[in-house]
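Chain letters run A, B, ... following the sequence lines, proteins first, then strands; residues in each count from 1. These figures come from a predicted structure and were not determined experimentally.
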Protein chains: 2
Amino acid sequence: MIDKEILATIDVDEAVPGKTRDALRAAHLYYMQDLTMDAIAHELHTSRSSVSRLLSHARASGLVEISIHSPLDLPSRIEHEILERFEVQAHVIPVPDHASDVDRLDRVALSAARILGRFIDSNLTVGLAWGSTMGAMSRHLVPKATHNSEIVQLNGAGNLRTTGIVYASELLRRFGDAFGARVQQFPVPAFFDDPATKQAFWRERSTQRLLDLQGRLDLALFGIGSPFAEVPSHVYQGGYLERADYEGLSRDGAVGDVATVFYRADGSTDGIALNERATGPDFATLRRAPRRICVVSGRAKLAGLRGALAAGLITDLIVDEGTARALVESPAD
Amino acid sequence: MIDKEILATIDVDEAVPGKTRDALRAAHLYYMQDLTMDAIAHELHTSRSSVSRLLSHARASGLVEISIHSPLDLPSRIEHEILERFEVQAHVIPVPDHASDVDRLDRVALSAARILGRFIDSNLTVGLAWGSTMGAMSRHLVPKATHNSEIVQLNGAGNLRTTGIVYASELLRRFGDAFGARVQQFPVPAFFDDPATKQAFWRERSTQRLLDLQGRLDLALFGIGSPFAEVPSHVYQGGYLERADYEGLSRDGAVGDVATVFYRADGSTDGIALNERATGPDFATLRRAPRRICVVSGRAKLAGLRGALAAGLITDLIVDEGTARALVESPAD
DNA sequence: TCCCACTCTGCACATATGTTCACGCGGCTT
DNA sequence: AAGCCGCGTGAACATATGTGCAGAGTGGGA
């Protein structure tokens, strides 16, 4: 029995490289030598269909990397302006203005997932927020082999699974798989009902360990929550917050949240009652991460984005074109 | 009249970015967001055909870069073995064994041209040999913007233009255009008839200037000449060498040449008479370049390649699979 | 040992992409 | 002003690529 299992394991370990080798060779022939798939099929003694599939595999598994370089003398005006005004490196994703919010999110997430590979590397501790944006990204990650990296969940989440929102554990797993990283779950709700419970929980040693990791991030990755957006298709729908909570947020002047921590337009968080029950790291902690990537899509999140910029939470911004334009067209900082 | 010319120039300079911007956007949409060309055409308010052309342009002009990464745990056995035995970083190009020599050369040259971008950078002085291999490469270069680089011709060449061999000046120009580099021609024949003429020429100040540059290369790029190969479709066909020259080479034990300088199987060059009349740099000079890339295709060049390796001329080798295999299968160093 | 579940293959079809061609629009010359 | 390039366009066609499907092979479990 044990032998069988070992054999099976070996079998897989041997079989995969075989496929990978073929995929690699097919990729060379296709992308470097411009052969047609038909010709490659002939060289590999297989069918054209299989070559098509091999190439898909090669792309999906990161064997083939496609990158786009703007000529340095033509660096998108918008990205440049964002850098000037906010000291943030922007990646603007072209999306037509008439696209629906869902399309927009998907397209930004797809591009973001592909850009992400540039930031992830070995020996990194990566903090990951939980939300619809991260969920969408998780579906499109391009694998990249790293060693000794770790993905740390930044904020809690329930187990609901509404449209487009993925279990936190599933989300973590996808990121972990894609980068060969260990995964640190944070099994708490998004918001505690009672601040005292949170306090108590925070004193647990297992929680301490996680908080400690959160304090030593190399990279943080998060979206922006906008509680008052027209289409609040996120955490706020899941029944996490009640009418009274919204009213409280409104009264406190909150314009958005990062990993369940809310802030005002000027980036301040003090005195926002709900934060006492939130599970994400406070901003001082978050800002310790040297690189902090924010993915935003949709004008509805503009106010939230402005606040996060004011709070100095962001070092790299991935954003759709319309929102970027709106950001830059505002009167002043 | 002058005004018109200036206007025309400005016109071009303005027009090209417009196209480049579109190409860039199309590339984003296609390669990052996986839109179909049809959809892109719609977003760009143009026809699908034009999008197809824009994307071709984006690829050909280096806006889009496609690279292939072997998983680090699976680095082609052959490349690894070459690194072990010859201390040379190899790039093995897969080519089926039954391919004709012409195919093989083309495919190696195509791949080599695409790999070359990784080596070329700003502020480099690049030495370039002249021959059929370099000619084939010159047809497939992917542009890359650099500043303050310089391409220096390593060896002279006549003006003939046999099949597949390009004027030296044309070849230089293509490399120069592709990388935005200045070009230093070396207007001499491949071989002088009389060593004394060479000596005299070498004392000219203009020649001195060029030799000086050759002594300070950052990068050298060359193929291998094999005078006794079955298909000597190179310099040797152009009437540069006479029967007596071949006999002399044979007597002296030459197995190949790099930039018109001949060497024996052990890499030595001393006492090979023809070298007195050759125009390329001696090997001590060539070896001063910290990086020396050699492009080889075809088993016929195997002996020549071995000699060049023995002479320590090569730091990076781009070679077709069959030849690489033959190289490694030899009994010992 | 047999059978099920799984994966992989190649065929045939549906799409997507590349290329040819005829046309129309400036810009330049005469 | 007329006429002649040279370039860029989109329609139509020719190829190349992606995918659903049914069958073959394989390993694991009863």
Ile40(A) backbone acceptor or donor facing Arg48(A) side chain under 3.5 Å: no
Nucleotides 8-18 of chain D: protein proximity per nucleotide (B base, S sugar-phosphate only, - neither; heavy atom, under 4.0 Å): -BBBB---SBB
Where Arg104(A) and Asp97(A) come nearest, the two heavy atoms and their spacing: NH2-O, 3.0 Å
Smallest separation among heavy atoms of Val95(B) and Gln33(A), with atom names: CG2-NE2, 4.4 Å
Leu54(A) CG - dT19(D) P separation (whole Å): 14 Å
From CG (Leu63(A)) to CG (Leu55(A)), nearest 0.5 Å: 10.5 Å
Donor + acceptor pair across side chains of Arg59(A), Tyr31(B) (<3.5 Å): no
